[in-house]
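Every value quoted in this text rests on a predicted model; they were computed, and no experiment measured them. Values below: all heavy atoms of this structure, side chains included; hydrogens, waters and symmetry mates excluded.
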Amino acid sequence: MLNSLPYQPFLISRLQDLTYAAGYIETCLLETSPEPELLKLVLSDVSEALAPQTMTPEEAQQHLAQLDEVFSKTGQEAIYSLGFWLKSLGLKLSVNVYQLNPSKSDSETPVLQELLSNPKKEG
């Protein structure tokens, strides 16, 4: 029987790479019918991974608490708040060209491709 490692510590260690963290968020945003709390969970994971690199534990905790405030805003205020929240982690919002008829491999981000090729093993 295969033994598996707890997923959360593995995920947090992967998300310490800024490129992987950005891909993780992008993959969430590409979901066609995401669960309501998915984006908040994804951003919490990213904050848990990246905040300790540039913030004291108290600042990291406060930064994570600010996520509720970001989600309580509407319209352009919400977009700008999310942008500032991400900036403090070393990330930024961006806009990309959308292909109307992408091939399957074009629509999969590198993070999604990795997750699909290395499914979590239970056991």
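- Put simply, CG on Leu30 and OG1 on Thr27 are 6.5 Å apart, with the number rounded to the nearest 0.5 Å.
- Taking each heavy atom of Val46 and Leu15 in turn, the nearest pair found is N-CD1, 4.0 Å.
- Heavy-atom neighbours of Lys87 NZ from other residues, nucleotides or ligands within 6.0 Å: at or below the threshold of 12.
- Between Asp17 and Thr19, the shortest heavy-atom contact is OD1-N, 2.8 Å.
- Contact check for Glu31 versus Leu39: no side-chain heavy atoms found under the 4.5 Å cut-off.
- Side-chain atoms of Ser81 do not come within 3.5 Å of backbone N or O of Ala78 as any donor-acceptor pair.
- Remark: Thr56 OG1 to His63 NE2 distance equals 12.0 Å, nearest 0.5 Å.
- More than 12 heavy atoms of other residues, nucleotides or ligands shown are found within 6.0 angstrom of CD on Gln8.
- For Asp68, the side-chain hydrogen bond (donor to acceptor under 3.5 Å, both in side chains) partners at least two apart in sequence or on another chain are Lys40.
- By the 30° and 60° cut-offs, the orientation of the rings of Tyr20 relative to Tyr24 is parallel.
- Atom CG of Leu18 is separated from atom CG of Leu89 by 8.5 Å, given to the nearest 0.5 angstrom.
- Tyr80 and Ile25 fall into different hydrophobic clusters, where Ile, Leu, Val, Met, Phe, Trp and Tyr are joined by side-chain heavy atoms under 4.5 Å apart, directly or via other members.
- Cluster membership for Leu67 and Phe84, using ILVMFWY side-chain heavy atoms within less than 4.5 angstrom, is not shared.
- Using a distance-only test at 3.5 Å, with no hydrogens or angles considered, no donor-acceptor pair links the side chain of Trp85 to the main chain of Leu64.
- Distance alone, capped at 3.5 Å, is enough to place a donor-acceptor pair between the Gln53 side chain and the Gln16 backbone.
- Under the side-chain hydrogen bond (donor to acceptor under 3.5 Å, both in side chains) criterion, Thr54 pairs with no residue at all, not counting sequence neighbours.
- Using a 4.5 Å heavy-atom threshold, the side chains of Ser88 and Met55 count as touching.
- Following chains of ILVMFWY side-chain contacts shorter than 4.5 Å, one can reach Leu38 starting from Val70, so the two form part of one hydrophobic cluster.
- From Leu93, atom CG reaches atom CG of Leu86 across 5.5 Å, with rounding to the nearest 0.5 Å.
- The nearest pair of heavy atoms linking Ala60 to Ala51 is CB-CB, 3.6 Å.
- More than 12 heavy atoms of other residues, nucleotides or ligands lie within 6.0 Å of CD in Glu59, so this atom counts as buried by the packing criterion.
- A distance of 6.5 Å separates OG of Ser44 from CG of Leu41, quoted to the nearest 0.5 Å.
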